[in-house]
Amino acid sequence: MSAYGHQMEREFSVQSLSSRGGSEMGSRYQYVSGFYMTSFAATVFIAGLVTVGILLITLLIALAVMLQSCQSQHSGVIQSWKAHHTDDYCKIFVLQAEINKWEADEYPSVCNAYIVRYTSEGQYARDLNFIIWMAEGYFSSITPLDNKLGVVLMDIDDIFPSSSKFSSPLSCVECIEVVVHLKRILILRLYNKLRASGWPLMLLTRKSGQHRNSTTNYLSSEGYIGWSSLIMRSDDEMSMNNYEYFSRRRAMLEKEGFHIIGIISSHMDALTGPNVGKRVFKLPNPIFPGLQHQHESKQQCT
């Protein structure tokens, strides 16, 4: 082989070795992507993830409890709002029932709870005390006439014991008996204050004059003494309804020269019509309207 040929062979061999060496070095130093974590760091990382998970679960539970609490409060507000407006409706209905003398079966069942609460929770007692306070204040602010012709009419049928037991749409008989007793006590207190102030007192009742002696004895036993007159039905007035009877008697008093200064009663029939005077004081009535009218009819017949 010539010298030139040997030289070419040597150069080719060197290039081959250089090529293999470079390839081997390149494969030895290849770059691998990723990151390295020690076991301690991995433990801390996992513990952090668990803590975050627990916090998220706790937050969800707290939000659920708060949402439920808000719903409960919202529901309570709605129920309170409904009860308030139902009471307003029942107050208006009771007034209309009393004015129009509606019967018990015309009373809406939605007001049954209001009837019981009115007496059992003390609202009736507060109303009664307030009206009597108003009456006492009015009559103490004016002076009785010297000629004794300025009179005060008081309906006394509220103080008589019932000829039969009262009943209630919710069987709250004890509630009614308690408030009726309270009414008797407070009316007597008002009566004594008016009499002590010098007011001539005329007592009104729906009873027949045939029971005058027994009625007078009962009034005396209850502390009603010193009254000016006791107005009772005559025979020709027995067929009249209460409104006609009271209107007629007031007109007769006016013709006789009396001046009606005020009327005190818990019944609309005694407070409406002509010749009712300067002031009327409507005492609250705890008795169920329809049953109250039945009770008045029984008193009229006795």
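Bear in mind that the values here come from a model prediction, so they are computed numbers and not experimental data.
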Determine the minimum heavy-atom distance between Trp227 and Tyr191, stating which atoms define it. N-OH, 3.3 Å
Can you name the one residue among Leu204, Leu190, Leu201, Asp155 that meets side-chain contact (heavy atoms from CB on, under 4.5 Å) with Ile264? Leu190
State whether a side-chain donor-acceptor pair under 3.5 Å links Arg233 with Asn242. yes
What is the distance from atom CG of Leu194 to atom CZ of Arg189, rounded to the nearest 0.5 Å? 11.0 Å
Between Tyr114 and Val94 the two heavy atoms that sit nearest each other are CE2-CG2, 4.2 Å
Do Ser208 and Met232 make a side-chain contact, defined as non-hydrogen atoms from C-beta onward lying under 4.5 Å apart? no
What closest approach, in Å, do Tyr218 and Ile159 show between heavy atoms, and which atom pair accounts for it? OH-O, 3.1 Å
If we only count heavy atoms from C-beta on, is the Asn285 to Lys183 side-chain gap below 4.5 Å? yes
So, Asp87 and Tyr118: side-chain donor and acceptor under 3.5 Å apart, yes or no? no
In the structure I gave you, are the side-chain heavy atoms of Ile225 and Leu219 within less than 4.5 Å of one another anywhere? no
So, do Thr86 and Val110 sit near enough that their side-chain heavy atoms are less than 4.5 Å apart? yes
Using modelled atom types and a 3.5 Å cut-off, is there a donor and acceptor pairing between side-chain atoms of Arg206 and backbone atoms of Asn241? no
Does Ile231 reach the side chain of Tyr245, with side-chain heavy atoms less than 4.5 Å apart? yes
Answer yes if the side chains of Glu237 and Ser234 hold a donor-acceptor pair under 3.5 Å, and no otherwise. yes
Heavy atoms only: give me the nearest Pro200-Lys148 pair and the separation to one decimal. CG-O, 3.7 Å
Distance in Å, Ile260 CD1 paired with Arg249 CZ, rounded so as to fall on 0.5 Å steps: 12.0 Å
Which label fits Trp199 and Phe139: parallel for a plane angle under 30°, tilted from 30 to 60°, or perpendicular past 60°? perpendicular
Rounded to the nearest 0.5 Å, how far does CG of Asp127 lie from CG of Leu283? 11.0 Å
Over all heavy atoms of both residues, which pair between Asn192 and Gly223 is shortest? Give the atoms and the distance, please. OD1-O, 4.1 Å
Can you check whether Gln210 reaches Asp235 side chain to side chain, under 4.5 Å on heavy atoms? yes
Verify same cluster id: Phe130, Tyr138 (apolar side-chain graph, 4.5 Å): yes
With a 4.5 Å limit on heavy-atom distance, are the side chains of Asp236 and Arg248 in contact? yes
Look at the side-chain heavy atoms of Ile, Leu, Val, Met, Phe, Trp and Tyr, link any pair under 4.5 Å apart, and say whether Leu95 and Tyr243 land in one connected group. no
Out of curiosity, Ile54 CD1 to Leu59 CG, how far, rounded to the nearest 0.5 Å? 13.5 Å
Any non-hydrogen side-chain atom of His211 less than 4.5 Å from a side-chain atom of Ser214? yes
Reported OG1-to-CG distance for the pair Thr205 and Asp157, which is rounded to 0.5 angstrom: 3.5 Å
Flag yes if more than 12 heavy atoms outside Asp146 fall under 6.0 Å of its CG atom; otherwise flag no. no
Under a single-linkage definition using a 4.5 Å side-chain heavy-atom cutoff for Ile, Leu, Val, Met, Phe, Trp and Tyr, are Trp133 and Ile261 assigned to the same hydrophobic cluster? yes
Minimal non-hydrogen separation, Leu149 against Leu145, with atom names: C-CD1, 4.3 Å
Does the side chain of Lys282 come under 3.5 Å of the side chain of Ser265 through a donor N or O and an acceptor N or O? no
Mind checking whether Met154 and Ile142 sit in one hydrophobic cluster, side chains of I, L, V, M, F, W, Y counted as touching below 4.5 Å? yes
Can you measure from CG (Leu230) to NZ (Lys207) and round to the nearest 0.5 angstrom? 11.0 Å
